[in-house]
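Comments concern the structure below.
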Amino acid sequence: MSDSVNEQAQNTDGEGSEQTKDVAFGSYSQPEVMRAVKGMWGVHGSGDTSGFSGLKRTEVMARPATRPYGGWFDAVVDYLIEDLQQDGISPEAAIEKVVVENGQLVLFIARQYIKPVAQHLRDDQDLRFELCMGVAGVNYPNDQGRELHAYYPLFSITHNRFIALEVTCPDADPHIPSIVSVYPGNDWHEREAWDLMGIIFDDHPALVRTAMPDDWVGHPQRKDYPLGGIPVEYKGAVVPPADTRRQYN
């Protein structure tokens with residue numbers, strides 16, 4: 001690219017180029033409401049003795065940001081948009097939304113485009129996110145049709161910058177393309193996310209379990225996975241298995 005990334009990084013008003021700044025991503029102009037929570041602990045039926053029974057709050061999923069994103073965030077998004085357009089990929093289809101929270105830039109990427117997006121973020125001279133620090137799986141049962149999330153933290157050694165990508169998939173079709181061919185260090189992390197969360201990374205070179213036995217049924221870090229356990233004796237008392245105790249959610 002002809003423009004210097006440093007020049008755009010100094011443009012703290014966050015305005016992108018005329019070609020890219022008006023791109024609208026996905027349909028997430030409003031926050032996605034996950035659930036309404038009452039009280040501190042989510043106790044049902046027996047009353048809340050904590051003193052927080054009148055507390056009410058609404059939990060939302062990653063509020064979408066609008067331009068200017070601030071600092072160098074706009075330049076990074078613009079360079080990625082330009083790269084996708086050169087590949088004939090619609091940026092509006094590839095980038096579901098841009099989120100800026102707690103000083104961090106997070107790009108929600110449609111799962112079918114995660115590999116070309118990762119490739120450009122690594123190889124573009126103005127981006128150079130050479131290091132992917134793995135992938136973490138997260139389960140949001142209330143995020144209908146997007147129950148499983150994969151979170152990829154990326155770091156640019158060249159530019160000393162940190163961003164993250166987030167990709168979602170439904171319980172009914174838990175597939176996300178592997179990016180091991182772009183970031184080989186993700187080999188173990190994708191295996192772990194498959195083992196514990198049930199996300200299937202297509203085209204992974206050896207998607208086998210890391211922690212659980214090969215014949216284990218289910219994925220233990222999913223929120224719908226039964227807690228299980230065995231009774232424990234302690235000084236004459238018996239602690240019941242976790243899945244038979246009182247529920248607080």
Side-chain angles (χ1 to χ4, degrees), residues 32 34-35 41-44 59 61-62 96 106-119 121-122 129-155 164-249:
E32 300 169 77
M34 299 299 295
R35 62 174 181 168
W41 312 110
V43 176
H44 300 287
E59 295 181 352
M61 171 65 69
E96 293 181 340
V106 182
L107 305 178
F108 278 69
I109 305 299
R111 57 178 170 172
Q112 64 268 34
Y113 297 110
I114 180 59
K115 189 173 179 179
V117 166
Q119 190 86 50
L121 288 171
R122 188 194 70 177
F129 288 93
E130 305 99 332
L131 179 62
C132 179
M133 294 177 282
V135 56
V138 189
N139 184 205
Y140 294 99
N142 295 327
D143 195 5
Q144 296 296 320
R146 299 156 55 89
E147 291 87 358
L148 296 172
H149 290 224
Y151 178 87
Y152 306 80
L154 303 176
F155 183 70
L165 306 179
E166 193 155 342
V167 180
T168 69
C169 61
D171 274 341
D173 182 26
H175 290 262
I176 294 176
S178 171
I179 61 169
V180 168
S181 61
V182 181
Y183 293 107
N186 266 34
D187 187 335
W188 177 271
H189 301 276
E190 290 185 3
R191 287 176 57 196
E192 188 172 53
W194 144 246
D195 185 11
L196 302 178
M197 298 299 299
I199 300 174
I200 301 171
F201 293 93
D202 295 329
D203 298 323
H204 187 283
L207 195 63
V208 295
R209 292 189 180 271
T210 59
M212 309 306 294
D214 290 339
D215 59 352
W216 192 266
V217 178
H219 306 280
Q221 287 192 346
R222 291 278 297 272
K223 291 183 179 179
D224 57 0
Y225 189 84
L227 293 176
I230 59 175
V232 179
E233 293 187 5
Y234 180 73
K235 291 185 178 179
V238 176
V239 179
D243 61 346
T244 65
R245 301 175 197 167
R246 181 179 176 186
Q247 296 295 316
Y248 289 92
N249 51 33

Polar side-chain atom of Asn139 near backbone of Glu147 as donor-acceptor pair, under 3.5 Å: yes
Taking every non-hydrogen atom, the tightest pair across Gly134 and Pro153: O-CD, 3.4 Å
Ile199 CD1 to Ile176 CD1 distance, which is reported to the nearest 0.5 Å: 5.0 Å
Gap between atom OH of Tyr152 and atom CG of Leu165 - 0.5 Å precision: 8.0 Å
Set of residues satisfying ring pair (Phe, Tyr, Trp, His ring centres under 6.0 Å) with respect to His219, sequence neighbours excluded: Trp194
Ser178 OG to Asn186 CG distance, which is reported to the nearest 0.5 Å: 7.5 Å
Set of side-chain hydrogen bond (donor to acceptor under 3.5 Å, both in side chains) partners for Trp188, sequence neighbours left out: none
Where at least one partner belongs to residues 181-205, residue pairs that pass salt bridge (charged side-chain N to carboxylate O under 4.0 Å, His left out), sequence neighbours excluded: Asp195-Arg209
Student check: side-chain heavy atoms of His189 and Cys132 closer than 4.5 Å: no
Phe201 to Leu207 - nearest heavy-atom pair and separation: N-CD2, 3.6 Å
Contacts of Gln144 that satisfy side-chain hydrogen bond (donor to acceptor under 3.5 Å, both in side chains) - sequence neighbours left out: none
Residues forming a side-chain hydrogen bond (donor to acceptor under 3.5 Å, both in side chains) with Gln112, sequence neighbours excluded: none
Closest contact, heavy atoms only, Gly198 versus Pro174: O-CB, 3.6 Å
With sequence neighbours excluded, residues passing side chain to side chain contact (heavy atoms under 4.5 Å, CB included) with Pro220: Leu196, Met212, Trp216, Tyr225
Nearest heavy-atom neighbours spanning Ile179 and Ala118: CG2-CB, 4.3 Å
Pairs satisfying salt bridge (charged side-chain N to carboxylate O under 4.0 Å, His left out), at least one member in residues 166-185, at least two apart: Arg111-Asp173, Asp171-Arg222
Distance (rounded to the nearest 0.5 Å) between Glu130 CD and Leu121 CG: 11.0 Å
Under the side chain to side chain contact (heavy atoms under 4.5 Å, CB included) test, residues paired with Pro184 that sit two or more places apart: none
Side-chain heavy-atom pair Met133, Leu131 within 4.5 angstrom cut-off: yes
Minimal non-hydrogen separation, Pro170 against Gly145, with atom names: CB-O, 3.3 Å
Euclidean distance, Gln119 CD relative to Ile114 CD1, rounded to 0.5 Å: 11.5 Å
Listed once per pair and sorted, the salt bridge (charged side-chain N to carboxylate O under 4.0 Å, His left out) pairs that draw on residues 132-143, sequence neighbours left out: Asp143-Arg146
All ring pair (Phe, Tyr, Trp, His ring centres under 6.0 Å) counterparts of Tyr140, not counting sequence neighbours: His149
